[in-house]
K.L.:
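Below are the structure tokens for one structure; questions will follow.
So you know, we letter chains A, B, ... as the sequences are listed, proteins then strands, and number each from 1.
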Amino acid sequence: AQSVTQLGSHVSVSEGALVLLRCNYSSSVPPYLFWYVQYPNQGLQLLLKYTSAATLVKGINGFEAEFKKSETSFHLTKPSAHMSDAAEYFCAVTEIQGAQKLVFGQGTRLTINP
Amino acid sequence: DARVTQTPRHKVTEMGQEVTMRCQPILGHNTVFWYRQTMMQGLELLAYFRNRAPLDDSGMPKDRFSAEMPDATLATLKIQPSEPRDSAVYFCASGLQSGGARNEQFFGPGTRLTVL
């Protein structure tokens with residue numbers, strides 16, 4: 001069975017600082033990996049996805065993530081935080097073969113301090 | 001601007017009442033997913049459909065929940081009878097699975113359900 005662990009339910013950074021949100025996955029088959037963002041009272045929006053091509057994936061709003069198979073990780077980073085980045089972030093995994101259903105992590109709430 | 005729509009956006013009801021939530025997937029998408037989000041459990045998959053056929057509803061309490069796709073433009077999730085523990089935000093998502101390729105899921109804005 002697949003699973004996702006997001007380290008840190010809350011992360012707080014200063015505006016302009018590096019954002020690092022951690023995600024580790026468990027999968028017995030090659031995975032597809034996703035990062036979604038959820039703003040208050042809204043649905044989830046795709047930030048970026050890894051689909052077995054380039055291991056460094058660039059997404060919207062200046063975010064990127066690197067797939068590291070040896071570490072079973074897919075951490076999300078942004079060099080310089082903006083106030084508008086405050087939201088909840090979800091890492092998710094699905095199988096390349098088989099069912100398409102997403103398995104989500106518990107989410108990380110990102111707070112940006114002025 | 002293609003997007004997933006959900007109605008109603010908010011629903012307050014009393015325990016024991018029937019609740020129906022509706023979802024219009026993005027035109028042309030062939031997979032539809034229902035998720036439930038709560039503080040305690042996070043995001044859970046309840047059911048999903050491909051080409052209108054239910055593929056997996058193992059996450060759904062069978063005794064009170066039912067999910068259907070009457071046609072390609074409408075998915076419904078019903079709870080009967082509703083209970084306070086069903087209070088959550090219910091998200092619908094749609095996607096396109098073509099051959100072996102799997103694209104991302106596009107989420108609707110959700111239905112916030114409160115059962116008193």
K.L.:
Hey, what do you get for OH (A:Tyr36) to CD (B:Gln105), rounding to the nearest 0.5 Å?
P.N.:
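Between atom OH of A:Tyr36 and atom CD of B:Gln105 there are 5.0 Å.
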
K.L.:
Are A:Trp35 and A:Val93 co-members of a hydrophobic cluster defined by side-chain heavy atoms under 4.5 Å apart?
P.N.:
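Linked, A:Val93 and A:Trp35 end up in one cluster.
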
K.L.:
Does B:Leu45 belong to the same Ile/Leu/Val/Met/Phe/Trp/Tyr cluster as B:Phe65, with side-chain heavy atoms less than 4.5 Å apart forming each link?
P.N.:
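Unlinked, B:Leu45 and B:Phe65 end up in two clusters.
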
K.L.:
I'd like to know if B:Leu46 and B:Tyr48 are part of one continuous hydrophobic network [Ile/Leu/Val/Met/Phe/Trp/Tyr, side-chain heavy atoms within less than 4.5 Å].
P.N.:
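Shared cluster, no.
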
K.L.:
If you compare all heavy atoms of A:Leu44 against all heavy atoms of B:Phe107, which two are closest, and at what distance to 0.1 Å?
P.N.:
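So the two residues come closest at O-CB, 3.4 Å.
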
K.L.:
Heavy-atom count around B:Lys62 NZ within 6.0 Å, excluding the residue itself: above 12?
P.N.:
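Atom NZ in B:Lys62 is packed in, count exceeds 12.
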
K.L.:
Are A:Leu47 and A:Val19 grouped together when hydrophobic residues (ILVMFWY) are joined by side-chain heavy atoms under 4.5 angstrom apart?
P.N.:
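Both belong to a single hydrophobic cluster.
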
K.L.:
What pair of heavy atoms forms the shortest contact from A:Phe90 to B:Gln37, and how long is it?
P.N.:
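Heavy-atom minimum between the residues: CZ-NE2, 3.4 Å.
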
K.L.:
Are there more than 12 heavy atoms of other residues, nucleotides or ligands under 6.0 Å from atom CD of A:Glu15?
P.N.:
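Correct, the count exceeds 12.
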
K.L.:
Examine whether an atom of A:Gln42 lies under 4.5 Å from a heavy atom of chain B, and if so say whether it belongs to the side chain, the backbone or both; otherwise answer neither.
P.N.:
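Only the backbone of A:Gln42 comes within 4.5 Å of chain B.
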
K.L.:
Kindly compute the distance separating CG (B:Leu43) from CD (A:Gln38), expressed to the nearest 0.5 Å.
P.N.:
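The CD atom of A:Gln38 is 6.5 Å from CG of B:Leu43, to the nearest 0.5 Å.
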
K.L.:
In sequence, state the C-alpha distance, the side-chain angles, and the governing distance for A:Phe104 and B:Glu44, and then conclude on side-chain contact (heavy atoms from CB on, under 4.5 Å).
P.N.:
CA-CA 8 Å; A:Phe104 284 92; B:Glu44 305 172 280; over 6 Å; no

K.L.:
Under a 4.5 Å heavy-atom cut-off, does chain B meet the side chain of A:Gln45, its backbone, both or neither?
P.N.:
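Neither part.
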
K.L.:
Tell me whether the count of non-hydrogen atoms from other residues, nucleotides or ligands lying under 6.0 Å of CD1 in A:Ile60 goes above 12.
P.N.:
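Atom CD1 in A:Ile60 is crowded, with more than 12 foreign heavy atoms closer than 6.0 Å.
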
K.L.:
Which bit of B:Gln41 comes within less than 4.5 Å of chain A, counting heavy atoms only: side chain, backbone, both or neither?
P.N.:
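Contact with chain A: backbone only.
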
K.L.:
Specify which of A:Asn41, A:Leu102, A:Leu46 makes the most heavy-atom pairs with chain B at under 4.5 Å.
P.N.:
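Between A:Asn41, A:Leu102, A:Leu46, the count favours A:Leu102.
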
